[in-house]
Undergrad: 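Just passing along the structure, written as structure tokens.
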Amino acid sequence: MKAPSSYARIYAVVRRIPKGRVASYGQVAALAGLPGAARQVGYAMAALRPGARVPWQRVVNARGEISARGEPGAEDLQRLLLEREGVRFDAAGRMDLARHGWRPRTRSSRRARSK
DNA sequence: GCAATGACGCTCT
DNA sequence: CAGAGCGCCATTG
């Protein structure tokens, strides 16, 4: 069998990110089976083709901020898409990962959730 | 096959 | 809390 590129796994993980939530590159990398390869996640997003059903907008850096890329305006687009999903940004242009951060199989979500 | 790049992450100052 | 430097890993030339 042909071993699928790591990108395919990365895209699969990104697709699993629920709406209104964001995941960091490092987290996506770890879930994709590439711990420490956060850079490659960003690289995979850059290689993402227009039309691909991948919510790349939900992928941000560990600081909860939108990373800058070679195309000006794209950051603004990402922020707009996230705000459209209910993600709130502060004056510094950063979002609260504790609130919007995606936690798959979390341990303490048993109670206290939603608000 | 080697060298450089790159939407990052973590630690120290 | 903010800024700067080094490290990691996969893809491309």
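Treat the numbers as computed from the prediction; the structure is a model and nothing was measured. Throughout, protein chains are lettered first and strands after them, A, B, ... in sequence-line order, and every chain is numbered starting at 1.
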Undergrad: Compare all side-chain heavy atoms of A/Leu48 with those of A/Tyr11 and state whether any distance is below 4.5 angstrom.
TA: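 Yes; the side chains approach each other to less than 4.5 Å.
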
Undergrad: Within the 3.5 Å criterion, strictly below it, is a donor on A/Gln27 or A/Arg103 matched to an acceptor on the partner's side chain?
TA: no

Undergrad: Output all residues satisfying side-chain hydrogen bond (donor to acceptor under 3.5 Å, both in side chains) with A/Arg84, sequence neighbours left out; order by chain, then residue number.
TA: none

Undergrad: So if I define the base as every atom that isn't primed, P, OP1 or OP2, how would nucleotides 7-13 of chain B read as a B/S/- string at a heavy-atom cutoff under 4.0 Å?
TA: BBSS---

Undergrad: Quick one: side-chain contact (heavy atoms from CB on, under 4.5 Å) partners of A/Ala92, sequence neighbours excluded?
TA: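 Per chain and number, A/Ala92 pairs via side-chain contact (heavy atoms from CB on, under 4.5 Å) with A/Asp90, A/Arg94.
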
Undergrad: Quick check: on DNA chain C, is the nucleotide nearest A/Leu34 upstream (toward 5') of the one nearest A/Arg94, or the reverse? Name the residue that is more 5'.
TA: A/Arg94

Undergrad: What residues, two or more places apart in sequence or in another chain, satisfy side-chain contact (heavy atoms from CB on, under 4.5 Å) together with A/Ala32?
TA: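 A/Ala32: side-chain contact (heavy atoms from CB on, under 4.5 Å) contacts with A/Arg9, A/Ile10, A/Val13.
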
Undergrad: List the residues meeting salt bridge (charged side-chain N to carboxylate O under 4.0 Å, His left out) with A/Arg79, not counting sequence neighbours, and say none if there are none.
TA: A/Glu83

Undergrad: Just to be sure I understand the rule, does A/Arg58 reach a base, reach only the sugar-phosphate, or reach nothing, if contact means heavy atoms closer than 4.0 Å?
TA: nothing

Undergrad: Using distance only, find each side-chain donor-acceptor pair of residues 54-63 of chain A under 3.5 Å and give its atom names and separation, not counting sequence neighbours.
TA:
unit_1: A/Gln57; atom_1: NE2; unit_2: A/Glu85; atom_2: OE2; d: 3.3
unit_1: A/Arg58; atom_1: NE; unit_2: A/Glu85; atom_2: OE1; d: 3.0
unit_1: A/Arg58; atom_1: NE; unit_2: A/Glu85; atom_2: OE2; d: 3.3
unit_1: A/Arg58; atom_1: NH1; unit_2: A/Ile17; atom_2: O; d: 2.9
unit_1: A/Arg58; atom_1: NH2; unit_2: A/Glu85; atom_2: OE2; d: 2.9
unit_1: A/Asn61; atom_1: OD1; unit_2: A/Arg63; atom_2: N; d: 3.1
unit_1: A/Asn61; atom_1: OD1; unit_2: A/Gly64; atom_2: N; d: 3.1
unit_1: A/Asn61; atom_1: OD1; unit_2: A/Glu65; atom_2: N; d: 2.8
unit_1: A/Asn61; atom_1: ND2; unit_2: A/Glu65; atom_2: O; d: 3.0
unit_1: A/Asn61; atom_1: ND2; unit_2: A/Ser67; atom_2: OG; d: 3.4

Undergrad: Could you list where the contact with chain A starts and ends along DNA chain C, reading 5' to 3', using a 4.0 Å heavy-atom cut-off?
TA: C/dA2 to C/dT12

Undergrad: Under the rule for side-chain contact (heavy atoms from CB on, under 4.5 Å), what residues qualify as partners of A/Ala12, not counting sequence neighbours?
TA: none

